[in-house]
Amino acid sequence: MGRIHNFNAGPAALPLQVLEEIQSEFLDFKGTGMSITEISHRSAAFDDVINDCVARVKRLLKLGDEFKVLFIQGGASMQFCMIPMNFLNGEGKSADYVNTGTWSTKAIKEAQIQNKTVNVVASSEDANFSFIPKNIPFNADAVYTHITSNNTIKGTQWAEFPDTKGVPLVADMSSDIMSRTFDASRFGLIYAGAQKNIGPAGACLVIVRDDMLKLTPDSIPTMLKYTTFAEKNSMFNTPPCFSVYTIQLVCKWLEETVGGLDKMEEQNRKKADMLYSLIDASGFYKGTAETDSRSKMNVTFRLPSEDLEKKFVQKALENGLGGLKGHRSVGGCRASIYNATSLKAIEALADFMKTFEKDEG
Ligand SMILES: Cc1ncc(COP(=O)(O)O)c(C=O)c1O
C-alpha cells in the first residue's frame, strides 16, 4: 500500500518533503558517518541543529529577544503541572483558566492537585464544549490566564485571543502552533506537544518570556524548572534529539517552501472552508462546533447514525483516507487538517464525502 491521505489527530501527517529529507540523510547525517539518532547531543553537528531550530521558531513566530525557545520532554501534559508549579508560588497568588474541553480540564486539575488557587473564569462545559466563551470576567491580579488555543477533540478554536488587560496569556497551542500568525508579545508562555503540527512525539516546544522565568522558585526539582532548560539551551540533560531535528526541518519547510505563516494561514483557511461549506450545504453531515468557534485544524462532524459513522470511517480508509474517527471520548468523525495535510487531500476527502452522502443519504 502506498501513502494515504492522513487525517490523524496526533501523531499526525508530516510534510512529505521533510520525511524524504530525513530519509536521505538518516544513515549519514551531514557527513558525520552516523545517523542523527546516533550522534552526541554535545557535538557541533547537533548544536547547529538545535540553534537553527530555535532561530527558525523565533523568525516564524516573530518572537522578540525577551523569549526563550525550549524543548522539554513529557509532552504537553507535563506542562499542565510545570506551569502552576513554576509560576504560582507565594501568598495569594492565583491564575485564571478558561475551560474549553478535555485538555483545559486536565490543565486545571494539575494545578488544583498542587493546591494552587485556580479561578475557572469561563467554561463551555454545559454546552458540551461546543463553543469558545466570550465576555469573560478576567481577574486583573491573576499571575497568568491559561487558555487552550485549539481544542483538538471538540473541534473549537479561539479565532481571536482574549484581552486580559496586561495579564500574561499562557496557551496550550499543541494543535494549532505554526498554523497562523498572531501577536506573541501578550503571551507569557506558549507550549505545544510537537506531534501534531511540527514534528514527531518526544519534544514539547515551550516558548517562555524572561519575566515569567523570574517567578520560578529554587525549591522545585531541577528537571521541572523552566530556568534549568533556559540556562542550558534545553541541554541540561539529553534532549529529544530526533524530535528537535524534525521540528527544525518542518520549520525550514514552513519558511522556505510554504513561504511563512501568512501563507500557511491562507492555505489552512482554504482547506477548512472547503470542508465546512460542504458540511453546511449538506443535510447529512452535521458540524458539532458552533460556527464562530470552529477549528481550522480539527473539523468535527456527525452522520445520521453511529452505524453510518462506522461505515464512513471504514469506506474512507478503503479509499485511501485515514484517521477520520472522532476521539474515543466523543465519537463521531473528525478530520484533522494540520499544516502538512495538503489541499489535494482535502479535495479527495470532499469528493469522498459527497459520494458517500449520495450513496447513503
Ligand atoms: C490541545 C492538546 N493539549 C494537550 C495534549 C496532550 O499532549 P501530550 O500527549 O503531548 O501530553 C493534546 C493531545 O492530543 C492536545 O491536543
Side-chain angles (χ1 to χ4, degrees), residues 6-14 70-85 97-111 113 123-125 129-133 144-159 161 169-180 182 187 189-207 223-224 229 234 239-240 242-244 246-247 250 268 288-289 293-300 323-332 334-341:
N6 180 355
F7 297 96
N8 275 324
L14 286 170
L70 315 175
F71 303 97
I72 300 180
Q73 298 187 56
S77 301
M78 179 69 100
Q79 297 308 305
F80 299 159
C81 85
M82 279 179 72
I83 289 161
M85 187 181 282
Y97 278 69
V98 182
N99 191 2
T100 53
T102 307
W103 303 111
S104 314
T105 305
K106 289 192 177 188
I108 291 164
K109 181 176 165 216
E110 291 301 310
I113 61 175
S123 170
S124 49
E125 189 170 8
F129 295 119
S130 58
F131 70 94
I132 299 291
Y144 62 85
T145 300
H146 183 282
I147 60 168
T148 310
S149 65
N150 184 73
N151 298 281
T152 326
I153 296 175
K154 298 292 184 179
T156 62
Q157 185 176 28
W158 291 80
F161 291 118
L169 279 164
V170 167
D172 177 356
M173 293 197 187
S174 293
S175 49
D176 68 353
I177 187 86
M178 302 288 180
S179 70
R180 56 176 168 174
F182 63 93
F187 289 79
L189 185 142
I190 293 164
Y191 62 104
Q195 67 275 12
K196 295 168 200 301
N197 233 352
I198 52 171
C204 183
L205 172 69
V206 176
I207 296 161
M223 287 303 290
L224 295 174
F229 292 86
S234 304
F242 182 74
S243 188
V244 173
T246 309
I247 297 171
V250 170
N268 285 332
T288 60
S293 299
R294 282 172 163 175
S295 166
K296 293 189 172 63
M297 297 278 100
N298 309 96
V299 178
T300 49
L324 289 163
K325 193 165 182 283
H327 190 269
R328 61 189 186 283
S329 64
V330 295
R334 170 176 58 176
S336 295
I337 52 171
Y338 301 123
N339 288 351
T341 307

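Starting from 1, each residue takes its place in the sequence as its number. Keep in mind that the numbers below use all heavy atoms, side chains included, and drop hydrogens, waters and symmetry copies. Just so you know, ligand 1 is whichever comes first in the structure, and atom 1 is the first atom listed for that ligand.
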Checking the N or O distance criterion of under 3.5 Å, is ligand 1 in contact with Gln195? yes
Side chain or backbone, does Thr148 bring an N or O within less than 3.5 Å of an N or O on ligand 1?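 In fact, backbone or side chain, Thr148 has no N or O that close.
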Top protein contact for [atom], by heavy-atom distance:
atom	value
atom 16 (O) of ligand 1	Thr152 OG1, 2.5 Å
atom 11 (O) of ligand 1	Ser77 OG, 2.6 Å
atom 6 (C) of ligand 1	Trp103 CZ3, 3.5 Å
atom 3 (N) of ligand 1	Asp172 OD2, 2.6 Å

Within ligand 1, which atoms have a heavy atom of [X] less than 4.0 Å away?
X	value
Phe80	4 (C)
Asn150	1 (C)
Lys196	12 (C), 13 (C), 14 (O), 15 (C), 16 (O)
Gly75	10 (O), 11 (O)

Cut-off 3.5 Å, side chains only: do Asn268 and Ser179 have a donor facing an acceptor?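 Per modelled atom types, Asn268 and Ser179 side chains form no pair under 3.5 Å.
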Side chains of Asn151 and Gln157: is there a donor and an acceptor less than 3.5 Å apart?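 Judged by distance alone, the side chains do not pair up.
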Quick check on Lys106 - does any of its heavy atoms sit under 4.0 Å from an atom of ligand 1?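 No, Lys106 has no heavy atom closer than 4.0 Å to ligand 1.
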Measuring from non-hydrogen atoms of Ile153 to any atom of ligand 1, is the shortest distance under 4.0 Å?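 It does not; every heavy atom stays at 4.0 Å or beyond.
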OG of Ser123 to CG of Asn99: how many Å apart, nearest 0.5 Å?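 Going from the OG atom of Ser123 to the CG atom of Asn99 covers 4.0 Å.
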If you measure from OG1 on Thr156 to CZ on Phe129, what distance do you get to the nearest 0.5 Å? 9.5 Å
Hey, does the side chain of Ser124 reach the backbone of Phe131 with a donor-acceptor pair shorter than 3.5 angstrom? yes
Between Phe229 and Phe71, does the ring-ring contact (aromatic ring centres under 6.0 Å, His included) criterion hold? Intermediate values first, please. CA-CA 8 Å; Phe229 292 86; Phe71 303 97; over 10 Å; no
With a 4.5 Å limit on heavy-atom distance, are the side chains of [X] and [Y] in contact?
X	Y	result
Lys196	Asn150	no
Ser175	Asn298	yes
Ile177	Leu205	yes

Please work out whether any backbone atom (N, CA, C, O) or any side-chain heavy atom from C-beta onward of Ala76 is under 4.0 Å from ligand 1, and answer side chain, backbone, both or neither.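 Under 4.0 Å from ligand 1, Ala76 contributes backbone and side-chain atoms.
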